[in-house]
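A, B, ... follow the sequence lines: proteins, then strands. Residue 1 opens every chain.
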Protein chains: 2
Amino acid sequence: MIESARPPSKFLAAIAQIQEMIKTDRFQSGDKIPSERELSDRLSIGRSSVREALRALELLGLIETRRGEGTFLRDFKDHQLVPLIGTFIFDGDQNKEDVRDVKAILELGCLAILSRKSGFDFNEAGDSFQQQIEAADNRLLKNIWMIISDYAGSDTGNERLEELLAAAKQINYSERQ
Amino acid sequence: MIESARPPSKFLAAIAQIQEMIKTDRFQSGDKIPSERELSDRLSIGRSSVREALRALELLGLIETRRGEGTFLRDFKDHQLVPLIGTFIFDGDQNKEDVRDVKAILELGCLAILSRKSGFDFNEAGDSFQQQIEAADNRLLKNIWMIISDYAGSDTGNERLEELLAAAKQINYSERQ
DNA sequence: TGAATTGTGTGGTCTGACCACTCGGGTGAC
DNA sequence: GTCACCCGAGTGGTCAGACCACACAATTCA
């Protein structure tokens, strides 16, 4: 018997199953999810592995644990991943540039979407990008932007956006086809 | 005694101390770091807490664990954070329109970056976006784009990009400031 | 009625025990 | 000497059980 393909680690299995559970049981943001012990029972996975999975989810800001109370589903917003990863990732400048660029790209795209909507008036829009992202009404875009923004920190960095915008205006895309 | 300020969780303490240890001992990328049991001893923290800390670091792509061998420091560059987040960013019934839009936004941004680079010739670029993303030389952008592309499927969808591009050209961003 | 107490359930942590795996050193046959 | 084999030590992976600290609700009692 060759029989390769070692089963995936319990840890990963737990993440997947918890994710699945959240989806099928239609948990909403703020809802309490089953306790560690119950998850351990229901998934037939040791509590320590369940805990490791929950830690991962917490790190990603998807859940919040409160001692004595329980574990709760959370909105994407404030994940504390950033300060942690920041100390490692952001000592190289290259990555910081990357993050800022991607952030600017998303904002450029957001503006483009807003501009596409007939009748949208930029002067009406708030001055914080947060509001413009909301106005764009694209949840995926918003999610990604929020994550990236956290990484990028609260820099102003409008110059980068303008730079990209200027570059975009010079693209003659259809020419390439 | 008032004495508030509950001590930080062992889990976080472990992360900090491991991080510190890596720094002071000048571990290099690829080096083997002490075993879980030894860390548990040296830090006077239970192995389970040490493991949770290591999991977090692994999740961030900062270390790599190999069963039977040990735990190794890793080059932070390829952190698999993004693919992991990707599975969560999409909350299931995500509007397909949204996904396509974001994909187009990223591609628009990619073009803008390429266009910004003086001397870049679009005609030289390959016809697949894969190659253009590579040329943009922004790992974060590439990661996100690949995830999105997976979800968006292999649609053609150039019209959406052109649409956005046209919209972008009409933005007078600085006017807003 | 209102304050104090108790009970129950939760996350947080530690410990000891296995398992599965890798690697290197020894052992023996050739 | 050389090579294949085996075995033991070390490592991460997992589990079960035991406490602790805490939050909250029910209960008790003044």
Identify whether the distance between the nearest side-chain nitrogen and carboxylate oxygen of Asp98(A) and Lys142(B) falls below 4.0 Å. no
I need the CD1-P distance between Ile15(A) and dT14(D), as an integer number of Å. 11 Å
I need the Ser9(B) OG to Arg67(A) CZ distance, nearest 0.5 Å. 9.0 Å
What is the distance from atom CG of Leu73(B) to atom CD1 of Ile18(B), rounded to the nearest 0.5 Å? 11.0 Å
Length of the line joining Leu39(B):CG and dG10(D):C1', which is rounded to integer Å: 14 Å
Leu161(A) side, atom CG; Leu111(A) side, atom CG - distance, nearest 0.5 Å: 6.0 Å
Could you check which of dG12(D), dG12(C), dC15(D) has an atom nearest any side-chain atom of Lys10(A)? dC15(D)
Does the side chain of Glu58(A) come under 3.5 Å of the side chain of Thr65(A) through a donor N or O and an acceptor N or O? yes
Kindly give the heavy-atom pair with the smallest separation between Ala136(A) and Leu141(A), and that separation in Å. CB-CD2, 4.4 Å
Tell me, which of residues 41-55 of chain B have any heavy atom that sits under 4.0 Å from an atom in DNA chain C? Ile45(B), Gly46(B), Arg47(B), Ser48(B), Ser49(B)
Pairs: protein N or O with nucleotides 7-10 of chain C N or O, under 3.5 Å:
{"unit_1": "dG9(C)", "atom_1": "N2", "unit_2": "Gly68(A)", "atom_2": "O", "d": "3.1"}
{"unit_1": "dT10(C)", "atom_1": "O2", "unit_2": "Gly68(A)", "atom_2": "N", "d": "3.4"}

If you round to the nearest 0.5 Å, how far is CZ of Arg26(B) from OG1 of Thr24(B)? 8.5 Å
Using a strict 4.0 Å threshold on nitrogen-to-oxygen distance, state whether Arg66(A) and Glu64(A) make a salt bridge. yes
